[in-house]
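Written out below as structure tokens is the structure these notes cover.
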Amino acid sequence: MPAYGKLIGASLGPGDPELITRRAWTVLESGTRWLYPVKKAEETSYALSIVARGGLAIPDDAEQLIFPMTRDAEILTKAWARAAARTVELLADGRDLVFLVEGDASTFSTFGHLARVVRELVPEVAVETIPGVSSFAAAAASTGITLAEEDETLAVIPAAYGVGVIDHLLDEFDTVVLLKVKPLVDEIIELLERRGLLNTSCFVEKVGAPDERVVHDLATLKGEKANYLSLMLVQNPKRERGELRRGCRSRKDALATLKTLATESA
Ligand SMILES: C[S@@+](CC[C@H](N)C(=O)[O-])C[C@H]1O[C@@H](n2cnc3c(N)ncnc32)[C@H](O)[C@@H]1O
């Protein structure tokens, strides 16, 4: 049985190479073989472009894995099987592999699924995930928006659940991060308009990349074709809060106890 190399998922952050962690950088420079995702054969890889902008030379033996952007189950299954089989084949050489991940590798990333399928094929393969800066953390920093403070609630969802679900979440969450907004931009804007949240929301495209775009006036986006690498941050100051529990007791109970203690000690 071959001694398999380790499979490493290296988060590269969402676009600015300055946000690549030292750990990821060290692994990229260590002679580990690189794998990077593309949507079609010979297409450019966004993850690879982050590293290239950071000034690292792309090794000659870096290899692409194809993950098509389709909902066709048959095409997807075949592509995933091919990608996993190739990964296992390379790991069987005994050399570690680093899979380049845009954003954070544990957040809506191809890496989690790839690692799972590889481990199904070869359970003894060791997997390491290097955490990183997610697109929405960078977008919050870039726009000056705070995602959550104190007891605020934060939801992160792919917008594909539709405006009905987003509408419902806005009853419960102080901040809603919407990823993969591309096909739904107009509908989301209409919803935010209806809820009076246009002024507290913003759209961010390709955060950290040289062509990053931040749009505060969301109405101007109507009818526009958004890039796949775009998201919305929705702040919801109108949310009505329920009662908070602190240390397993409700705030009301805690206040009542404090009052009793104060009366007793008076
Ligand atoms: C498959 S998810 C990948 C998420 C990524 N792993 C992360 O940590 O942010 C792709 C979605 O993330 C968001 N996204 C990823 N990179 C982005 C970027 N540089 N700028 C804006 N949004 C981005 C977009 O909503 C995009 O549709």
Side-chain angles (χ1 to χ4, degrees), residues 11-16 19 37 39 46-47 49-50 67 69-71 101-112 131-241:
S11 306
L12 304 172
D16 179 352
L19 295 181
K39 292 178 209 130
Y46 186 72
S49 77
I50 299 173
F67 298 97
M69 290 278 264
T70 173
R71 292 203 177 272
V101 181
E102 176 268 324
D104 171 59
S106 305
T107 312
F108 299 111
S109 153
T110 317
F111 180 68
V133 178
S134 69
S135 55
F136 54 90
S142 178
T143 56
I145 282 180
T146 305
L147 290 175
E149 278 176 7
E150 294 193 13
D151 301 313
E152 287 175 352
T153 53
L154 167 68
V156 182
I157 64 156
Y161 281 103
V163 284
V165 170
I166 300 169
D167 196 21
H168 175 65
L169 288 176
L170 286 168
D171 292 333
E172 301 294 338
F173 291 89
D174 296 292
T175 306
V176 177
V177 175
L178 300 172
L179 300 178
K180 305 184 187 181
V181 290
K182 183 179 172 183
L184 281 145
V185 170
D186 284 0
E187 283 174 65
I188 298 168
I189 293 173
E190 276 157 28
L191 169 70
L192 298 176
E193 231 163 20
R194 263 199 320 278
R195 292 194 68 129
L197 295 174
L198 274 188
N199 292 337
T200 52
S201 304
C202 75
F203 169 93
V204 185
E205 191 173 272
K206 296 182 93 176
V207 63
D211 48 350
E212 168 181 319
R213 185 163 69 125
V214 175
V215 179
H216 290 282
D217 185 358
L218 292 187
T220 61
L221 286 173
K222 269 197 179 168
E224 206 185 289
K225 228 178 161 199
N227 189 288
Y228 171 70
L229 292 176
S230 57
L231 56 83
M232 286 191 195
L233 303 176
V234 180
Q235 278 193 314
N236 182 20
K238 300 179 174 188
R239 184 175 86 86
E240 282 182 25
R241 298 278 180 89

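Quick caveat, the model's predicted, so the values are computed rather than measured. One is the number of the first residue; the rest follow in order along the sequence.
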- request: Check A137 against V133 and note the closest heavy-atom contact, atom names and distance.
  value: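 That would be CB-CG1, 4.3 Å.
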Closest contact, heavy atoms only, L178 versus A159: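 Scanning both residues, the minimum pair turns out to be CB-CB, 4.4 Å.
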Reported [atom1]-to-[atom2] distance for the pair [X] and [Y], which is rounded to 0.5 angstrom:
X	Y	atom1	atom2	result
L231	F136	CG	CZ	9.0 Å
S201	D217	OG	CG	11.5 Å
L233	I145	CG	CD1	5.0 Å
E102	S11	CD	OG	10.0 Å

Extract all donor-acceptor atom pairs below 3.5 Å that involve side chains of residues 204-212 and protein atoms in other chains or at least two apart in sequence.
{"residue": "E205", "atom": "OE1", "partner": "R213", "partner atom": "NH2", "Å": "3.4"}
{"residue": "E205", "atom": "OE1", "partner": "N227", "partner atom": "N", "Å": "3.3"}
{"residue": "K206", "atom": "NZ", "partner": "D211", "partner atom": "OD2", "Å": "3.2"}
{"residue": "E212", "atom": "OE1", "partner": "G208", "partner atom": "N", "Å": "2.8"}
{"residue": "E212", "atom": "OE2", "partner": "S142", "partner atom": "OG", "Å": "2.6"}

field: salt bridge (charged side-chain N to carboxylate O under 4.0 Å, His left out) involving D174 - partner list, sequence neighbours excluded
entry: R239, R241
Under the side chain to side chain contact (heavy atoms under 4.5 Å, CB included) test, which residues partner [X], sequence neighbours left out?
X	answer
E240	none
A148	E152, L154
P131	D104

Less than 3.5 Å apart, which donor and acceptor atoms pair up between the side chains of residues 164-173 and the rest of the protein, not counting sequence neighbours?
{"residue": "D167", "atom": "OD1", "partner": "R195", "partner atom": "NH1", "Å": "2.5"}
{"residue": "D171", "atom": "OD1", "partner": "R195", "partner atom": "NH1", "Å": "3.4"}
{"residue": "D171", "atom": "OD1", "partner": "R195", "partner atom": "NH2", "Å": "2.9"}

Which side-chain N or O atoms in residues 182-194 pair as donor and acceptor under 3.5 Å with protein atoms at least two apart or in another chain?
{"residue": "D186", "atom": "OD1", "partner": "G223", "partner atom": "N", "Å": "2.9"}
{"residue": "D186", "atom": "OD2", "partner": "G223", "partner atom": "N", "Å": "3.2"}
{"residue": "E193", "atom": "OE1", "partner": "K222", "partner atom": "NZ", "Å": "3.4"}

- prompt: With no hydrogens and no angle check, is any side-chain donor or acceptor of S109 less than 3.5 Å from a backbone partner on S106?
  reply: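 Not a single qualifying donor-acceptor pair exists.
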message: Tell me which pairs pass side chain to side chain donor-acceptor pair (under 3.5 Å) where either residue lies in residues 228-237, with sequence neighbours left out.
response: none
query: Is any side-chain heavy atom of P14 closer than 4.5 Å to a side-chain heavy atom of L19?
result: yes
query: With a 4.5 Å limit on heavy-atom distance, are the side chains of V156 and L179 in contact?
result: yes
